Amino acid sequence: MSYPYKDFESKWQAWWEEQGVYHAKEAIDAEGEKFYGLIEFPYPSGEGLHVGHPRSYTAIDIMMRKKRMEGKNVLYPIGWDAFGLPTENFAIKTKQPPAQVTAKNIANFTHQIKILGVGFDWSREINTTDPKYYHWTQWMFIKFFDSWFDEKSNKARPINELIIPKEVEEQGIDAMRKYRDDRRMAFKQKTEINWCPKDKIGLANEEAAGGVCDRCGGPVEKREKEQWMLRITDYSQRLIDELGQVDYLDKIKTSQVNWIGRSEGASIRFVISVSSVISTEAEKSQNLKQYTSKEISRLRRTSLEMTKEDDNAVEVFTTRPDTIFGATYLVLSPDHRLIAQWLEDGTIENAKDVKAYQTKTKKKSDLERQENKEKTGVELKGVTAINPATKKEIPIWIADYVLSGYGTGAIMAVPAHDERDFEFAKKFKLPVIKVVEPPILDTMFSQDVAVSKGLQGNVKVKAECWIGDGVAVNSDFLDGHDTSKATEKIISWLEKNKVGEKKVTYKLRDWVFSRQRYWGEPIPMVNCDHCGWVPLDEFELPLLLPEVKNYEPTDTGESPLATMTDWLKVKCPICGAKARRETDTMPNWAGSSWYFLRYCDPHNEQEFASKHALKYWMPVDLYNGGMEHTTLHLLYSRFWYKVLFDLGYIPSSCGNEPYSMRRSHAMILGEGGIKMSKSKGNVVNPDTMVEQYGADVFRTYEMFIGPYEMDAPWSTKDILGVRRFLDKAWNLSLTQIKNYELRIKNDGEYALRAPKDVAGRVEDVVKTLSLPGIDSEDVQPYDYILNYSIKKVGEDIDNMRFNTAVSQLMILTNELQGKPMRSRDVRSYLKLIAPFAPHMAEELWHQLGNDSSIHLEAWPQFDATKIVETEVTIAVQVNGKLRGSIKAPSGADETVVRKTAESEPNVQKHLEGKTIKKVIYVKNKILNFIV
RNA sequence: GGGCCCGUGGCGGAAUUGGUAGACGCAACGGACUUAAAAUCCGUCGCUCGAAAGAGCUUGUGGGUUCGAUUCCCACCGGGCCCACCA
């Protein structure tokens with residue numbers, strides 16, 4: 001018979017809430033150790049809960065339930081990451097206020113999660129769109145604005161501790177303000193945004209995935225816009241190094257490190273010359289002109305010594321300074337700052353072509369860029385550079401394969417040692433010089449050789465020179481070998497000659513923190529003609545998101561808030577003059593960057609969380625989330641936390657990492673292993689499953705579905721197997737309980753439900769009546785399997801191997817079939833099942849005569865002596881092949897086992913007429929005869 | 001192109017530090033109960049040969065290390081995810 005889950009699931013859910021079973025104790029009156037478990041709070045979309053959500057909620061719930069039963073003060077909170085685009089777009093489409101849509105979605109999600117029986121502490125529920133919450137998001141933004149990164153102490157500090165150099169101070173107040181603004185953790189900068197020319201709106205990256213507009217499907221362009229940025233790049237090195245302090249899955253650490261993308265190399269300055277020096281076209285294409293020091297002195301710059309990049313030098317970044325002898329041209333990104341200047345002062349002779357190329361690049365969508373990787377570019381006529389190592393004059397090009405955002409936005413092209421440079425050189429017939437041997441070798445070679453007299457200690461270079469294509473770059477001597485010595489040597493030469501130095505760069509970009517959207521936290525900043533960007537006074541927070549008539553983005557690409565003329569007008573907090581509010585809002589990553597801090601003290605109106613609460617709960621002991629957030633949310637929130645930590649808003653005892661442990665769940669796929677999607681019609685709705693099978697079956701099935709960290713396909717048939725299991729567990733437990741009733745009735749004429757003054761608990765009744773059997777100390781036939789299961793299930797939960805934990809519970813349940821149990825063993829059995837099937841366990845627990853929740857009972861202990869096996873099965877092999885198996889006492893030594901094994905008929909057969917050369921014996925496991 | 005992950009029966013998946021491959025579940029087949037079906041219970045279940053005992057083969061493919069490899073190493077094939085002109 002199926003167990004009647006409908007009779008009691010909602011009853012217990014209400015009772016748990018009423019009893020506060022899952023409420024964490026406040027830091028102040030808590031005893032014992034704390035445990036803070038966290039799942040990524042959901043975005044309450046209109047789609048409703050996906051079956052993937054409960055997989056991780058249940059998994060962590062199971063771990064939290066066990067911790068709670070082990071006596072820990074568990075914090076397992078839930079909330080809503082509710083600002084964001086899908087809601088805004090839905091609101092626009094249906095002409096409803098986003099706040100209203102959000103409220104509806106939250107109500108729906110709440111219901112869906114509550115019927116699952118997850119043990120969340122709902123008393124700490126938070127919502128990022130609640131002014132009481134975003135008050136502090138705004139407050140933190142101001143703290144970012146009011147701080148800078150001090151490289152000396154390697155941490156963020158208040159901006160008023162920034163010392164302004166004398167020479168800047170002398171330049172006046174504007175210069176001082178600029179000096180400060182250029183260093184703030186939150187700053188305004190022109191950056192490219194995705195722009196849909198058809199819809200005339202700016203798009204978030206996620207709306208412009210693949211270079212296509214999310215709304216109209218048309219191509220997306222780049223446009224420049226001033227945006228708020230957060231200086232996460234200052235933390236690049238710490239975000240890598242401090243991973244050493246935390247326990248994250250290796251693949252998570254690896255992808256964060258790769259995302260930050262540290263590379264070591266050198267920055268090298270190439271002096272610029274004017275083209276009039278170059279004699280002829282022929283000379284230019286056939287021979288790279290070798291300059292004498294005399295000629296160099298005729299260049300615009302008389303010395304090759306460059307201590308920093310200026311108008312007369314281009315700075316490049318390279319990870320291979322050892323190949324500098326092969327650098328035959330420079331390439332700048334089309335929007336390199338020097339180009340605008342050269343265009344202006346007329347240095348560039350082919351200005352028209354250059355400008356045309358710049359425009360073309362800007363129009364090029366990401367999609368085109370991805371699809372068509374053929375090299376394009378334009379030579380800058382009239383400007384050249386001098387390779388500091390070879391002293392040769394080399395041309396300068398612009399090309400979109402050089403990215404403005406990485407390194408210095410300029411490269412030295414070494415076509416013989418870089419595929420992209422080679423492709424480019426081939427196409428535009430540029431010289432290719434292969435550095436055949438590292439320039440540290442004291443051998444001198446051949447034809448068009450670049451020799452650097454500048455290098456110390458008679459260092460010479462073997463190099464070959466080709467013009468144009470016809471050269472295959474393969475099996476290069478340097479590439480793939482250890483070039484570190486050569487690199488080191490060159491760098492020290494560069495440094496000695498002041499034309500370059502060691503440099504580290506990162507792929508990580510600063511965080512674009514503005515959205516030209518409505519449904520986000522207003523940025524609490526004011527622009528004043530006299531004072532520049534000024535934050536609101538703290539007592540003015542929260543700056544409420546005003547209601548607007550129309551949520552559509554504006555034609556100008558500004559946020560809808562820009563149409564609120566009254567709201568925009570504000571007095572400057574500093575000088576009181578007329579000023580204008582910022583109309584951009586924050587990205588949805590803002591609220592999620594610190595929500596785990598708010599859970600510690602969610603109702604605090606004086607601060608984002610009290611120091612005391614933070615001290616008690618932080619860091620998060622276990623944080624579970626999807627791999628897709630590894631390089632965004634997880635990195636952002638680590639950064640955010642570090643800034644708050646550096647500024648002293650988080651007690652130092654919490655440590656400078658927010659999460660001690662990070663684990664990852666995987667996806668639940670549709671039947672057959674394809675992704676669930678509305679269009680494929682294979683979406684499974686959790687509500688339907690709960691209705692059809694009950695929450696306990698649904699939960700347990702999702703745990704049984706496969707390894708937690710791996711994707712698993714949904715199977716409507718497999719869930720039936722789990723239902724059968726819980727039916728069996730239910731019937732088994734009821735049978736045991738009925739047995740007590742019968743025995744009590746027969747022997748003592750008491751019913752189990754005897755009046756409370758006689759007894760509430762079965763075992764009390766039993767003790768009162770001193771009935772033998774029920775609580776007997778006799779050896780029971782299930783002693784081994786029960787104790788082993790307690791051990792195994794406990795370990796599996798700790799190690800997040802939920803699938804094997806469930807299978808062990810199945811084995812246990814099958815083995816207990818038809819065996820009368822001691823009441824204390826039934827209690828242990830129910831406790832083992834409780835984390836997986838909390839409703840059923842609670843119901844049976846109460847039927848057993850208990851009044852308090854099973855989820856607050858102590859986790860069962862196993863008796864190690866019951867697990868020790870006295871007799872073991874040993875596999876017997878002949879030449880590594882299994883020929884039989886024998887029983888032997890546990891720990892038996894070789895001679896005993898060998899004797900038994902040799903008498904085994906099948907083993908005998910294979911040993912017959914052969915001499916045993918060697919015997920390998922592994923205690924309690926295997927005996928192998930080598931003949 | 002770079003990084004990460006995964007290949008085990010008809011299916012989802014088990015297998016401590018290398019030690020009896022296929023736990024547990026699904027499906028399938030045979031049986032019991034039933035007027036019948038469902039549900040439930042009992043049994044069989046990697047492949048090939050064999051009545052059976054047993055033998056051979058088997059963890060994507062090919063090599064290697066080892067007494068012994070799903071596990072470790074090398075190469076290849078297939079699939080997935082993320083990033084992608086990152087100098």
Side-chain angles (χ1 to χ4, degrees), chain A residues 1-2 249-252 254-255 257-259 261-263 265 316-320 323 327 331 333 366 369-370 372-375 399-403 405-414 417-421 423-424 505-509 627-628 630-631 666-667 669 671-673 675 701 704-707 709-722 724-725 727-728 731 795 801 803-814 817 873-886 905-906 909 917-931:
Chain A
M1 213 186 68
S2 281
L249 290 179
D250 280 345
K251 58 177 177 178
I252 296 174
T254 313
S255 50
V257 169
N258 289 342
W259 182 262
R262 179 193 158 100
S263 25
V316 304
F317 172 73
T318 177
T319 53
R320 294 288 306 276
T323 63
V331 189
S333 71
D366 285 343
R369 217 177 271 260
Q370 268 164 37
N372 186 8
K373 285 190 179 171
E374 180 153 2
K375 298 283 178 291
D400 63 4
Y401 84 92
V402 173
L403 309 171
Y406 182 74
T408 59
I411 61 158
M412 63 174 206
V414 187
H417 300 274
D418 184 284
E419 242 176 276
R420 293 153 304 176
D421 295 345
E423 238 177 84
F424 191 82
T505 56
Y506 302 89
K507 283 183 202 165
L508 187 67
R509 299 275 66 91
M627 279 305 287
E628 71 275 18
T630 315
T631 51
M667 265 189 295
L669 305 169
E671 209 123 0
K675 227 176 180 170
Y701 170 64
F704 188 58
I705 197 164
E709 71 286 0
M710 293 225 268
D711 290 351
W714 183 270
S715 162
T716 313
K717 277 178 179 163
D718 286 4
I719 196 171
L720 289 169
V722 175
R724 281 180 204 135
F725 156 58
D727 282 346
K728 274 190 221 170
N731 290 323
E795 286 171 358
R801 289 194 299 251
N803 54 333
T804 52
V806 174
S807 94
Q808 188 59 39
L809 287 172
M810 287 172 168
I811 294 169
L812 173 64
T813 304
N814 290 340
Q817 242 23 271
T873 310
I874 292 169
V876 183
Q877 298 179 334
V878 178
N879 284 341
K881 289 206 170 182
L882 183 73
R883 296 303 176 191
S885 62
I886 56 163
N906 199 40
K909 206 169 88 188
K917 287 182 199 150
K918 199 176 164 190
V919 178
I920 290 145
Y921 175 59
V922 180
K923 216 178 235 180
N924 294 346
K925 286 202 170 133
I926 207 159
L927 186 74
N928 191 2
F929 292 100
I930 311 299
V931 293

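Letters go in sequence order (proteins before strands), and every chain restarts at 1. None of these values were measured; they are calculated from a predicted model.
- For the pair A:Met627 CE and B:C6 C1', the computed distance is 14 Å after rounding to whole Å.
- Side-chain atoms of A:Asn814 and A:Lys728 form a donor-acceptor pair, as typed in the model, at a separation below 3.5 Å.
- Taking the C1' atoms as reference points, B:U58 lies 14 Å from B:A69, given to the whole Å.
- In plain terms, the two heavy atoms of A:Leu403 and A:Ser333 that are nearest each other are C-CB, 4.0 Å.
- Nucleic acid contact for A:Lys507: base, since at least one base atom lies under 4.0 Å from a heavy atom of the residue.
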Q | Protein-to-nucleotide contact annotation, 5' to 3' order, nucleotides 18-32 of chain B [B base; S sugar-phosphate only; - none; under 4.0 Å, heavy atom] | A | -BB--BBBSS-----
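- Between A:Trp259 and A:Lys507 the shortest heavy-atom distance is O-CB, 3.9 Å.
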Where do N or O atoms of nucleotides 47-52 of chain B meet protein N or O atoms at under 3.5 Å, pair by pair?
none

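- Inter-residue side-chain proximity for A:Met627 and A:Ile252 is flagged as met; some heavy-atom pair is nearer than 4.5 Å.
- The gap from the P atom of B:A15 to that of B:G1 amounts to 35 Å, rounded to the nearest Å.
- Of the listed residues (A:Val722, A:Asp718, A:Thr804), just one forms a side chain to side chain contact (heavy atoms under 4.5 Å, CB included) with A:Phe704, and that residue is A:Val722.
- Going from the P atom of B:G13 to that of B:A23 covers 15 Å, rounded to whole Å.
- Among all heavy-atom pairs drawn from A:Gly407 and A:Phe317, the shortest one is CA-CB, 4.2 Å.
- With a 4.5 Å cut-off on side-chain heavy atoms, A:Tyr701 and A:Ser715 count as touching.
- One can place CH2 of A:Trp259 at 6 Å from P of B:C83, the figure rounded to the nearest angstrom.
- Distance check on atom C1': B:U65 versus B:C73 gives 7 Å, rounded to whole Å.
- Between the side chains of A:Asp421 and A:Tyr401, a donor-acceptor pair is found at a separation under 3.5 Å.
- Here the separation of B:U61 from B:U70, taken at their P atoms, is 11 Å to the nearest Å.
- For the pair A:Glu628 CD and B:C83 C1', the interatomic distance rounds to 15 Å; values are reported in whole Å.
- Between A:Ser263 and B:A87, a side-chain N or O to OP1/OP2 separation shorter than 4.0 Å is present.
- In the displayed structure, A:Glu419 atom CD is contacted under 6.0 Å by at most 12 heavy atoms of other residues, nucleotides or ligands.
- The strand RNA chain B forms stems, runs of 3 or more Watson-Crick or G-U wobble pairs with distances below 3.5 Å, at B:1-7 with B:77-83, B:10-12 with B:24-26, B:28-32 with B:40-44, B:46-49 with B:54-57, B:60-64 with B:72-76.
- Of all heavy-atom pairs spanning A:Gly880 and A:Asn928, the tightest one is N-OD1, 3.0 Å.
- A pairwise comparison of heavy atoms in A:Asn906 and A:Arg883 identifies ND2-O, 2.9 Å as the closest pair.
- Of the P atoms belonging to B:A37 and B:A32, the separation is 11 Å, rounded to the nearest Å.
- Residue A:Asp400 is in base contact, counting any heavy-atom pair closer than 4.0 Å across all strands shown.
- OP1 or OP2 of B:G54 has not a single side-chain nitrogen or oxygen of A:Lys881 nearer than 4.0 Å.
- Summarising the geometry, the separation between OH on A:Tyr506 and P on B:C83 is reported as 22 Å, rounded to the nearest angstrom.
- Each of A:Pro713 and A:Lys675 lies near RNA chain B, and the nucleotide nearest A:Pro713 is the one positioned closer to the 5' end.
- By the rule that a glycosidic angle within 90° of 0 means syn, B:G79 does not qualify and counts as anti.
- Between the CD atom of A:Glu795 and the P atom of B:A15 there is a distance of 13 Å, given to the nearest Å.
- Residue A:Lys917 is out of contact with every strand shown, counting any heavy-atom pair closer than 4.0 Å.
- Straight-line distance between the P atoms of B:G2 and B:C76: roughly 12 Å, to the nearest whole Å.
- The distance between atom CZ of A:Arg509 and atom P of B:C83, rounded to the nearest whole Å, is 16 Å.
- In this structure, A:Lys375 forms no cation-pi arrangement with A:Phe424, as its terminal cationic atom is not both closer than 6.0 Å to the ring centre and no more than 45° off the ring axis.
- Smallest separation of non-hydrogen atoms from A:Asp711 and A:Leu669: CB-CD1, 4.0 Å.
- Across all strands shown, A:Arg801 has no heavy atoms under 4.0 Å from either base or sugar-phosphate atoms.
- Heavy atoms of A:Ile930 sit under 4.0 angstrom from primed sugar atoms or phosphate atoms, though from no base atom.
- Neither OP1 nor OP2 of B:A84 sits under 4.0 Å from any side-chain N or O of A:Asn258.
- Place A:Ser255 and A:Gly407 on RNA chain B by their nearest nucleotides, and A:Ser255 ends up nearer the 5' end.
- If you take CE of A:Met667 and C1' of B:C6, they are 13 Å apart, rounded to a whole angstrom.
- As a whole-Å value, the separation of A:Asp711 CG from B:C82 P is 11 Å.
- B:A14 and B:C29 have their C1' atoms separated by 24 Å, with the value rounded to a whole Å.
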Q: For side-chain contact (heavy atoms from CB on, under 4.5 Å), just list the numbers for A:Arg320 and A:Asp418, CA-CA rounded to whole Å, side-chain angles, deciding distance to a tenth of an Å, and then say yes or no.
A: CA-CA 10 Å; A:Arg320 294 288 306 276; A:Asp418 184 284; over 6 Å; no
